[in-house]
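Below is one structure, written out as structure tokens, with a few remarks after it.
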2 protein chains.
Amino acid sequence: MPATNTARRAGVCCTALTKTPLSQKDAERTAVLLAAMADPVRLRLLSIVASEGEVCSCNLERPLGKSQPTISHHTRVLAEAGLIVGERRGKWMWWRIVPESLENIRRLLGGR
Amino acid sequence: MPATNTARRAGVCCTALTKTPLSQKDAERTAVLLAAMADPVRLRLLSIVASEGEVCSCNLERPLGKSQPTISHHTRVLAEAGLIVGERRGKWMWWRIVPESLENIRRLLGGR
DNA sequence: CGCGTGAATCGACAGAGGTCAATGTATCTG
DNA sequence: CAGATACATTGACCTCTGTCGATTCACGCG
């Protein structure tokens with residue numbers, strides 16, 4: 001059974017793509033990371049979690065206008081990409097973002 | 001319930017997604033932009049163009065290992081997303097990146 | 001003009017991905 | 001224990017997308 005909140009990241013970091021051509025491997029890992037963000041629902045989910053600090057899954061269905069399985073699907077994708085982490089507290093699942101992951105993407109895009 | 005904030009179109013980009021929840025509109029536009037980068041072939045294409053400065057379409061087929069229609073498809077996607085611009089010189093099409101687009105994404109991800 | 005070359009478009013195919021109803025699993029409460 | 005609640009998983013459906021062969025378009029050169 002696959003663990004739900006594996007903090008495995010799809011690519012620690014590589015050199016900025018503007019400096020030197022990406023290898024096949026790096027491109028694939030980076031594409032997975034970017035694909036995790038390339039969805040309007042997940043972007044809004046991320047922004048809600050980021051601005052609230054910590055959000056329960058049950059508090060995401062209404063603002064996002066999606067069913068419970070769909071929310072669960074998106075949190076899973078984001079968690080597997082290392083963009084958010086979940087913590088179980090009783091019946092509830094609390095999510096918060098992983099700031100380093102966004103930092104890595106920024107660096108890849110040529111940031112500092 | 002957090003009210004959907006007004007979609008203010010301040011220039012090309014929007015506020016960092018870590019600050020305040022994204023509007024539906026902003027999320028969709030950003031998702032299109034990120035989806036354009038969320039592909040290994042396009043990431044490598046971007047990195048080649050960025051590091052070379054200027055690349056002809058015919059010089060992309062071999063390093064990327066894709067057919068001519070496929071290359072044309074990817075350059076089209078990247079160009080429509082505003083990540084690269086093409087200039088026709090005779091029979092050849094020359095591509096270069098648009099640095100501001102990457103800058104916008106970085107800012108969206110929380111970069112200053 | 002015709003010919004050759006580079007690029008865009010079309011058509012078809014296979015694979016990936018978003019969505020939800022139904023179901024399963026874990027946790028709390030009475 | 002039974003019941004309720006929150007989340008995960010399954011299965012199915014449909015759309016989107018990457019890919020390439022074939023074709024068409026655009027440009028330069030004799």
Side-chain angles (χ1 to χ4, degrees), chain A residues 1-7 10 22 24 27-46 48-49 54-81 83-96, chain B residues 22 24 27-46 48-49 54-81 83-96:
Chain A
M1 70 198 113
T4 53
N5 54 356
T6 53
L22 263 59
Q24 177 77 28
E28 286 173 0
R29 286 188 305 155
T30 307
V32 171
L33 192 57
L34 288 172
M37 300 189 63
D39 179 88
V41 175
R42 287 197 288 270
L43 278 175
R44 294 176 60 211
L45 198 160
L46 268 181
I48 292 176
V49 172
E54 223 175 24
V55 177
C56 168
S57 287
C58 57
N59 288 332
L60 286 170
E61 300 181 25
R62 212 161 328 156
L64 293 177
K66 297 296 175 184
S67 69
Q68 179 266 321
T70 299
I71 298 298
S72 182
H73 164 69
H74 287 305
T75 52
R76 175 189 173 95
V77 171
L78 289 173
E80 287 182 344
L83 289 163
I84 61 175
V85 284
E87 180 187 351
R88 181 146 218 134
R89 292 186 204 148
K91 300 187 293 185
W92 297 276
M93 196 68 175
W94 291 88
W95 300 97
R96 61 179 188 277
Chain B
L22 263 58
Q24 177 77 29
E28 286 172 0
R29 285 189 308 150
T30 307
V32 171
L33 191 57
L34 289 172
M37 300 189 63
D39 180 89
V41 175
R42 287 196 288 269
L43 278 175
R44 294 176 62 209
L45 197 161
L46 268 181
I48 291 176
V49 173
E54 222 175 24
V55 177
C56 170
S57 286
C58 57
N59 289 332
L60 286 170
E61 301 180 24
R62 211 160 331 153
L64 293 177
K66 298 295 174 184
S67 69
Q68 179 267 321
T70 300
I71 298 298
S72 182
H73 164 69
H74 287 305
T75 52
R76 175 189 174 95
V77 172
L78 289 173
E80 286 182 345
L83 290 162
I84 61 175
V85 284
E87 180 187 351
R88 180 149 219 132
R89 292 186 205 150
K91 299 188 293 185
W92 297 276
M93 195 69 175
W94 291 87
W95 300 98
R96 60 179 190 278

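In this text, all values refer to a predicted model and were calculated from it rather than measured experimentally. Computed from heavy atoms alone, side chains included, the values below leave out hydrogens, waters and symmetry copies.
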Exercise for review: Send over the distance from B:Leu45 CG to D:dG18 P, rounded to a whole Å.
Suggested key: 13 Å
**Study point:** d(CD, A:Glu80; P, C:dG18) in whole Å
**Key:** 12 Å
Point to revise | Contacts of type side chain to side chain contact (heavy atoms under 4.5 Å, CB included), residue B:Ser57, not counting sequence neighbours | key: B:Met93, B:Trp95
Check your understanding: To the nearest Å, how far apart are A:Trp94 CH2 and D:dC7 C1'?
Key -> 14 Å
Practice item. May I ask you to decide if B:Ser72's main-chain N or O and B:Thr75's side chain share a donor-acceptor pair within less than 3.5 Å? Key: yes
Exercise for review: Quick one: list whatever passes side chain to side chain contact (heavy atoms under 4.5 Å, CB included) with A:Trp94, sequence neighbours left out.
Suggested key: A:Glu54, A:Cys56, A:Arg89, A:Trp92
Check your understanding: When the distance from CG of A:Leu78 to C1' of D:dA8 is rounded to whole Å, what number comes out?
Key -> 16 Å
Practice item. Not counting sequence neighbours, list each pair that qualifies as a side chain to side chain donor-acceptor pair (under 3.5 Å) and has a residue in residues 31-40 of chain B. Key: none
Practice item. Examine C:dT19: is either OP1 or OP2 under 4.0 Å from a nitrogen or oxygen in the side chain of A:His74? Give yes or no. Key: yes
Point to revise | Length of the line joining A:Leu60:CG and D:dA6:P, which is rounded to integer Å | key: 13 Å
**Study point:** Distance, rounded to the nearest Å, where B:Glu87 contributes CD and C:dG6 contributes P
**Key:** 18 Å
Practice item. Could I get the full list of side chain to side chain contact (heavy atoms under 4.5 Å, CB included) partners for B:Val85, not counting sequence neighbours? Key: B:Arg96, B:Val98
Practice item. Identify whether any heavy atom of A:Val77 sits under 4.0 Å from a base atom; if not, whether one sits that close to sugar-phosphate; answer base, sugar-phosphate or nothing. Key: nothing
Check your understanding: With sequence neighbours excluded, what pairs up with B:Glu28 under the side chain to side chain donor-acceptor pair (under 3.5 Å) test?
Key -> B:Gln24
Practice item. Only pairs at least two apart or in different chains count here, so list each salt bridge (Lys or Arg N to Asp or Glu O under 4.0 Å) that has a residue in residues 66-80 of chain B. Key: B:Arg76-B:Glu80
Point to revise | Contacting residues from residues 62-72 of chain B, given that a heavy atom lies under 4.0 angstrom of DNA chain D | key: B:Lys66, B:Ser67, B:Pro69, B:Thr70
Point to revise | Atom pair distance, as rounded to whole Å: NE2 in B:His73 and P in D:dC16 | key: 14 Å
Practice item. Go through the structure and list residues passing side chain to side chain contact (heavy atoms under 4.5 Å, CB included) with B:Leu33, not counting sequence neighbours. Key: B:Ala81, B:Leu83, B:Ile105
Point to revise | Spacing between B:Glu61 atom CD and D:dG18 atom P, to the nearest angstrom | key: 18 Å
Point to revise | Closest to the A:Ser57 side chain, choosing from D:dT9, D:dC7, D:dG18 | key: D:dC7
**Study point:** A:Leu78 side chain reached by A:Val49 side chain, heavy atoms, under 4.5 Å
**Key:** no
Between the protein and nucleotides 24-30 of chain C, list every N/O to N/O distance that falls short of 3.5 Å.
none

